[in-house]
Amino acid sequence: MNEAEHRHRMETAGKALAAARAVAVLTGAGISAESGVPTFRGPDGLWRNFRPENLAHPDAFARDPALVWEWYRWRRRRMAPLSPNAGHLALARMEAAVPSLTVVTQNVDGFHARAGSRRLLELHGNIWRDRCCENPDHVFQREPADLEGEVEQASVPRCACGGLLRPDVVWFGEALDPATVQAAVGAVQRAEILLVVGTSSVVYPAAALPAIAHAAGSLVVEINPEETPLSAAADVVLRGPAGVLLPELEKVIGREFRP
Ligand code: OAD
């Protein structure tokens, strides 16, 4: 794509955002890539080196909970020193600049909340929470500082009620929280524009949200350095990293707002 075409697409997306009363944003692992969090399906993606059914599946936890916990602790330790990047921060600021902006994320890293996004739906849970297998309302927030004492802890943590604790994330073969899915569908149906940022658009039900937005008449804008199964159906495709393109879009919105 040449520079003129890129500018034209940026203007189209930026003007639509500036005029919109309701905006939805669907994000995936790509938005956190520039923070240093590995994606799942890229050249260095997690699923290149690990088999999801051995680690992110209820059967894996039933078979070997210590192994599953080892993998999640490893991911927590990798994420602990990392921070939200320019893309997360731009989205959080955009929330203040448009009347209603909802972020729907597949990510479990918690970076959108840390960046300041308030209308946030975490479809796949949050890696920094533990949940009891016996009493699912027993949920515990964990912090990077908690990792320090963990070497001495039992390899499979237990709830005060005696049940095994698990990471509060959605595993393959598990259903997403129905209320969160319903809220996400409502948000994309209300939105005049849906930004789809940094997702390979292959994991459902998240991957169905752009078609739901389209059916409701939204403009669908994809932000991704690579082509995805969504690209051909998107109204506007912006090729490049989210940490560059989202702050650029924010500038176009700011300019449109000025009298
Ligand atoms: P993937 O790893 O499948 O896709 C990441 C996408 O981000 C790819 O399309 C990349 O081209 C794009 N990307 C890479 N760097 C980027 C950047 N700097 N800016 C913007 N985009 C960039 O990750 P997801 O689509 O999020 O589910 O994967 C969906 C789900 O599959 C995850 O939530 C996880 C996984 O299995 C569960 O664990 C339940």
Side-chain angles (χ1 to χ4, degrees), residues 6 10 13 25-61 68 71-72 74-76 78-79 82-91 103-112 115 120-129 131 166-177 180-181 184 194-210 221-234 236-249:
H6 175 73
M10 244 338 164
V25 186
L26 171 65
T27 67
I31 195 168
S32 296
E34 288 156 87
S35 293
V37 182
T39 60
F40 292 94
R41 295 176 182 78
D44 298 317
L46 289 175
W47 296 152
R48 295 267 163 158
N49 299 311
F50 301 101
R51 291 168 69 88
E53 61 272 32
N54 288 341
L55 297 163
H57 195 286
D59 292 349
F61 191 72
V68 172
W71 191 63
Y72 278 94
W74 172 77
R75 287 179 64 193
R76 283 181 180 177
R78 273 203 68 150
M79 279 177 200
L82 308 179
S83 306
N85 64 53
H88 301 100
L89 294 168
L91 283 181
V103 175
V104 180
T105 190
Q106 299 165 85
N107 299 344
V108 297
D109 54 33
F111 282 174
H112 284 300
L120 174 64
L121 298 167
E122 293 180 319
L123 286 176
H124 294 166
N126 189 303
I127 199 169
W128 292 104
R129 280 193 312 258
R131 171 160 53 90
R166 57 166 283 177
D168 191 13
V169 298
V170 177
W171 285 329
F172 287 93
E174 291 185 321
L176 279 64
D177 173 51
T180 309
V181 173
L194 171 68
L195 300 181
V196 183
V197 185
T199 176
S200 56
S201 290
V202 295
V203 174
Y204 285 78
L209 292 172
V221 177
E222 177 178 67
I223 296 182
N224 198 310
E226 307 288 338
E227 188 165 352
T228 75
L230 172 69
S231 302
V236 180
V237 173
L238 298 170
R239 286 273 171 256
V244 173
L245 296 183
L246 287 169
E248 250 186 70
L249 262 184

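Note that ligands are numbered from 1 as they come in the structure, with each ligand's atoms numbered from 1 the same way.
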Exercise. For ligand 1, is there an N or O atom under 3.5 Å from any N or O atom of R41?
Worked result: yes
Exercise. Going by the atom numbers of ligand 1, which of them fall below 4.0 Å from some non-hydrogen atom of A29?
Worked result: 23 (O), 24 (P), 26 (O)
Exercise. Does D109 reach the main-chain N or O of I127 with its side chain, forming a donor-acceptor pair under 3.5 Å?
Worked result: no
Problem set entry | Closest contact, heavy atoms only, L46 versus P38 | CD2-CG, 3.9 Å
Exercise. Do the rings of F61 and W171 sit parallel, tilted or perpendicular, given the 30° and 60° boundaries?
Worked result: tilted
Problem set entry | Per-atom contacts, ligand 1 versus P241 - under 4.0 Å to a heavy atom | 17 (C), 18 (N), 19 (N)
Exercise. With a cut-off of 4.0 Å, which atoms of ligand 1 are near a heavy atom of V170?
Worked result: 39 (C)
For this session: Could you tell me whether the side chain of T39 and the main chain of G45 form a donor-acceptor pair under 3.5 Å?
Result: no
Problem set entry | Identity and distance of the protein heavy atom lying nearest atom 13 (N) of ligand 1 | G30 CA, 3.5 Å
Exercise. Say you draw a straight line from CD of E248 to NE2 of H6; how long is it, rounded to the nearest 0.5 Å?
Worked result: 4.0 Å
For this session: Look up atom CZ in R129 and atom CG in D168, then write down how far apart they are to the nearest 0.5 Å.
Result: 4.5 Å
Exercise. Of all the atoms in ligand 1, which lie at a distance below 4.0 Å from a heavy atom belonging to T39?
Worked result: 2 (O)
Exercise. Which atoms of ligand 1 are found less than 4.0 Å from any heavy atom of F172?
Worked result: 36 (O)
Exercise. Any N or O of F40 that comes nearer than 3.5 Å to an N or O of ligand 1?
Worked result: yes
For this session: Report yes if T228 has an N/O atom closer than 3.5 Å to an N/O atom of ligand 1; otherwise report no.
Result: no
Seminar exercise, completed: The answer for which part of H124 has a heavy atom under 4.0 Å from ligand 1 is side chain
Exercise. Can any side-chain N or O of H124 pair as donor or acceptor with the backbone N or O of Q106 at less than 3.5 Å?
Worked result: yes
Exercise. Any ion pair linking R239 and E227 (charged N to carboxylate O, less than 4.0 Å)?
Worked result: no
Exercise. At the 4.0 Å heavy-atom cut-off, does P225 count as touching ligand 1?
Worked result: yes
Exercise. Could you state the interatomic distance from CD1 (I223) to OG1 (T27), rounded to the nearest 0.5 Å?
Worked result: 11.0 Å
Exercise. Polar-atom distance check: G198 versus ligand 1, any N or O pair below 3.5 Å?
Worked result: yes
Seminar exercise, completed: Nearest heavy atom to atom 3 (O) of ligand 1, choosing from G42, G240, S200, belongs to S200
Seminar exercise, completed: Atoms of ligand 1 under 4.0 Å from any heavy atom of E34, numbered from 1 in the order shown, are 17 (C), 18 (N), 19 (N)
Problem set entry | Mutual orientation of the aromatic rings belonging to F111 and H88 [parallel < 30°, tilted 30-60°, perpendicular > 60°] | perpendicular
Problem set entry | Expected output: side-chain S32 to main-chain A29 donor-acceptor under 3.5 Å | no
For this session: Around atom 29 (C) of ligand 1, find the nearest protein heavy atom and jot down its residue, atom name and distance.
Result: Q106 OE1, 3.3 Å
Problem set entry | Proximity of W171 to ligand 1 by residue part, where a heavy atom lies under 4.0 Å | neither
Exercise. Out of L195, I31, L246, which one pairs with V25 under the side chain to side chain contact (heavy atoms under 4.5 Å, CB included) rule?
Worked result: L195
Exercise. Sub-3.5 Å donor-acceptor pair from the side chain of S35 to the main-chain atoms of V37, do we have one?
Worked result: no
For this session: Output yes when E174 and R166 qualify as a salt bridge under the 4.0 Å nitrogen-oxygen rule, no when they do not.
Result: yes
For this session: Give a yes/no verdict on whether any heavy atom in N224 is under 4.0 Å from an atom of ligand 1.
Result: yes
Exercise. How far does CG of L120 sit from OG1 of T105, to the nearest 0.5 angstrom?
Worked result: 7.0 Å
Seminar exercise, completed: Per-atom filter on ligand 1: closer than 4.0 angstrom to a heavy atom of G28 are 26 (O)
Exercise. Can you list the atoms of ligand 1 that are under 4.0 Å from a heavy atom of E226?
Worked result: 11 (O)
Exercise. Atom 36 (O) of ligand 1: which protein heavy atom is closest, and how many Å away?
Worked result: W47 NE1, 2.9 Å
Exercise. N/O to N/O below 3.5 Å, does that happen between A242 and ligand 1?
Worked result: yes
For this session: Return a yes/no value for S201: is any of its N or O atoms, backbone included, closer than 3.5 angstrom to an N or O of ligand 1?
Result: no
Problem set entry | Proximity of A33 to ligand 1 by residue part, where a heavy atom lies under 4.0 Å | side chain
Exercise. Using a heavy-atom cut-off of under 4.0 Å, does the side chain or the backbone of V203 touch ligand 1, or both, or neither?
Worked result: side chain
Exercise. What residue and heavy atom of the protein are closest to atom 25 (O) of ligand 1, and at what distance?
Worked result: T199 OG1, 2.6 Å
